[in-house]
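Scroll down for the structure; my scribbles are underneath it.
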Amino acid sequence: MPLILPLLLAVVLFCIGVYGVLARRNVITLLMSFELMLNAVNLNLVAFDAWRIDDATGQALAVFVITLAAAEIGLGLAIVLLLFRGHGHVDADAARDLAEQDDAERDELVEQEKAT
């Protein structure tokens, strides 16, 4: 099989993942988009490893990336569940607004403590 076919598939997968990260606000969709991008990288690693017959470094790196992706998705889902239990939504923009509100409330409390 020519090298260009898996590379084109990897480019398509990576572009779909980038679109999902940039266009979607649902945190679960963001996590799935990250996984698509990581799988595109894995496809590139394995394709170049098959093209270069000398050693299996591409496959070893692909296993390492799969391990990192599994850890990332586990941590990401834990954060999503915590966000959903605490606030009832999994919207990334609303979560960012919550962080800004927390910062504003903390600054307000610091100012009140300084005033007393």
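Model, not experiment: these values are computed from the prediction.
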- Message: Counting C-beta onward and ignoring hydrogens, is there a side-chain heavy-atom pair between Val12 and Ile16 closer than 4.5 Å?
- Response: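 Counting from C-beta outward, Val12 and Ile16 do come under 4.5 Å.
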- Query: Side chains of Leu45 and Asn42: closer than 4.5 Å at any heavy-atom pair?
  - Reply: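 Yes, close enough: below the 4.5 Å cut-off.
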- Item | Results of side chain to side chain contact (heavy atoms under 4.5 Å, CB included) for Leu5 - residues two or more places apart only |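 Per chain and number, Leu5 pairs via side chain to side chain contact (heavy atoms under 4.5 Å, CB included) with Met1, Pro2.
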Side chains of residues 61-85: which donor-acceptor partners sit under 3.5 Å, not counting sequence neighbours?
unit_1, atom_1, unit_2, atom_2, d
Thr67, OG1, Val63, O, 2.9

- Task: Output the distance between atom CG (Leu30) and atom CG (Leu22), rounded to the nearest 0.5 Å.
- Result: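 Reported value, rounded in 0.5 Å steps: 9.5 Å.
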Identify all side-chain donor-acceptor contacts of residues 32-40 below 3.5 Å with residues at least two apart in sequence or on another chain.
unit_1, atom_1, unit_2, atom_2, d
Ser33, OG, Thr29, O, 2.9
Asn39, ND2, Glu35, O, 3.3

- Query: Who else is in the cluster with Leu3 when I, L, V, M, F, W and Y are joined by side-chain contacts under 4.5 Å?
  - Reply: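 Its cluster mates, by chain and number, are Leu7, Phe48, Trp51.
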